[in-house]
Number of protein chains: 2
Amino acid sequence: METRIDRIKKQLHAASYKLTPQREATVRILLDHEEDHLSAEDVYLLVKDIAPEIGLATVYRTLELLTELKIVDKINFGDGVSRYDLRQEGAAHFHHHLVCLECGAVDEIQEDLLEDVETVVEKRWNFQIKDHRLTFHGICWRCNDLGADKPEKDA
Amino acid sequence: METRIDRIKKQLHAASYKLTPQREATVRILLDHEEDHLSAEDVYLLVKDIAPEIGLATVYRTLELLTELKIVDKINFGDGVSRYDLRQEGAAHFHHHLVCLECGAVDEIQEDLLEDVETVVEKRWNFQIKDHRLTFHGICWRCNDLGADKPEKDA
DNA sequence: TTATTATTTAGAATCATTCTCAACTGGTAA
DNA sequence: TTACCAGTTGAGAATGATTCTAAATAATAA
């Protein structure tokens with residue numbers, strides 16, 4: 001995991017920012033909670049455990065910075081908060097989400113799946129796609145009672 | 001256009017709500033601005049022209065009600081406001097959006113395009129899809145300087 | 001008519017996010 | 001070493017969107 005932080009450090013330096021202790025602590029929390037979809041407040045509370053002096057504004061600033069550098073993506077599931085999600089290293093596009101209307105769980109789909117759709121959109125709508133957001137709302141495998149199974153691990 | 005309001009009225013009644021003058025005024029504004037993606041504040045300002053006594057809270061409540069009844073969809077493009085978009089009558093799924101990073105324009109795609117992707121997701125992730133949100137971020141035909149043309153009218 | 005319920009209004013309250021500004025940091029040049 | 005400087009931080013104030021509250025009003029039922 002150390003190398004991952006180092007690479008992020010390089011990305012910051014490349015944009016002439018420093019990896020301050022506060023920023024490092026924030027990134028560590030994000031790495032430790034890659035599965036989750038934390039709000040700024042969530043991150044703040046978790047970071048306080050390893051860096052108690054940190055202020056909420058700094059967390060917001062750091063998350064904004066990381067978003068700018070495309071290290072994290074800011075998402076919104078319709079409750080009043082923004083959530084922050086680490087991008088897969090080297091991923092060209094943002095991954096997709098499955099939001100369960102029953103239990104509220106948010107699962108991720110790392111596969112692109114949209115290549116064909118994007119080709120159509122670029123051609124027919126003359127739109128040069130830079131990124132996308134795709135979220136499905138429905139019932140997850142956990143809440144689906146028809147003897148549903150956990151899906152195979154995501155690629 | 002009258003019939004459209006009548007049908008909405010029926011939908012409200014079916015859920016035992018009334019189409020009060022304030023609600024009707026709000027719906028009219030939405031119908032008159034189907035192309036746009038108005039925020040609650042936007043709607044409020046427009047509604048005031050035809051129903052000056054209306055309060056902002058009522059507009060919020062009405063939009064919430066319409067969202068609940070799936071007459072409109074609430075969307076969020078990452079600026080701090082929720083926007084409200086009339087659903088096509090009879091549309092099973094919400095339509096997609098193209099957000100231009102250059103000029104901020106938001107265009108709509110009414111075609112589904114996701115049938116195949118949804119089939120895969122339902123099968124592989126064991127997820128029963130009820131609805132979706134798909135937004136592309138990029139450069140629109142207006143800002144695309146490579147002699148780009150307006151795309152043919154959406155189906 | 002009277003009782004009951006749904007709806008509205010205005011303004012207060014809430015909550016997430018951003019801003020302000022004084023204090024602090026680490027590095028650099030003298 | 002010392003003085004400086006740009007970048008960064010923390011605390012709390014400010015902002016802005018949204019929701020809540022309480023009293024008034026309108027619609028409905030008995």
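Bear in mind the structure is a predicted one, so any value in this text is a computation, not a measurement. Residue numbers begin at 1 in each chain, while the letters A, B, ... track the order of the sequences.
- As a whole-Å value, the separation of A:E24 CD from C:dG26 P is 14 Å.
- By the 6.0 Å contact criterion, OH on B:Y17 is open, its count of non-hydrogen atoms from other residues, nucleotides or ligands being 12 or less.
- For A:E53 and D:dT9, the CD to P distance is 11 Å, given to the nearest whole Å.
- Taking CD1 of B:I109 as the start and CZ of A:R124 as the end, the distance is 8.5 Å to the nearest 0.5 Å.
- At whole-Å resolution of the value, OH in A:Y44 and P in C:dT18 are 16 Å apart.
- In this structure, the NZ atom of A:K18 is 7 Å from the C1' atom of C:dT25, given to the nearest Å.
- Side-chain N/O atoms of B:Q22 include none lying less than 4.0 angstrom from OP1 or OP2 on D:dA26.
- In this structure, A:F77 places its CZ atom 17 Å from P of C:dA16, rounding to the nearest Å.
- Proximity note for A:R61 (side chain, C-beta onward) versus D:dA11, C:dT8, D:dT8: the nearest is D:dA11.
- A straight line from NZ of B:K48 to P of C:dT8 spans 15 Å, rounded to a whole angstrom.
- Closest heavy-atom contact between B:F136 and A:E118: CE2-OE2, 3.5 Å.
- At whole-Å resolution of the value, CD1 in B:I54 and P in C:dA10 are 10 Å apart.
- A:R83 pairs with exactly one of A:D36, A:D42, A:D73 by the salt bridge (Lys or Arg N to Asp or Glu O under 4.0 Å) rule, that one being A:D42.
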Taking only nitrogen or oxygen atoms into account, show me every contact under 3.5 Å that the protein makes with nucleotides 13-19 of chain D, one pair per line with its distance.
from	atom 1	to	atom 2	distance (Å)
D:dT18	OP1	B:S82	N	3.0
D:dT18	OP1	B:S82	OG	3.3
D:dT18	OP2	B:Y60	OH	2.5
D:dT18	O5'	B:Y60	OH	3.2

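- Between B:T20 and C:dA6 there is no side-chain N or O to OP1 or OP2 distance below 4.0 Å.
- Open room surrounds NZ on A:K9; 12 or fewer heavy atoms of other groups in view lie less than 6.0 Å from it.
- Following rounding to the nearest Å, B:L19 (CG) and D:dA26 (P) show an atom-to-atom distance of 17 Å.
- Counting only residues at least two apart or in different chains, ring pair (Phe, Tyr, Trp, His ring centres under 6.0 Å) contacts with residues 42-61 of chain A are absent.
- The shortest side-chain heavy-atom distance between B:E41 and B:V81 does not fall under the 4.5 Å cut-off.
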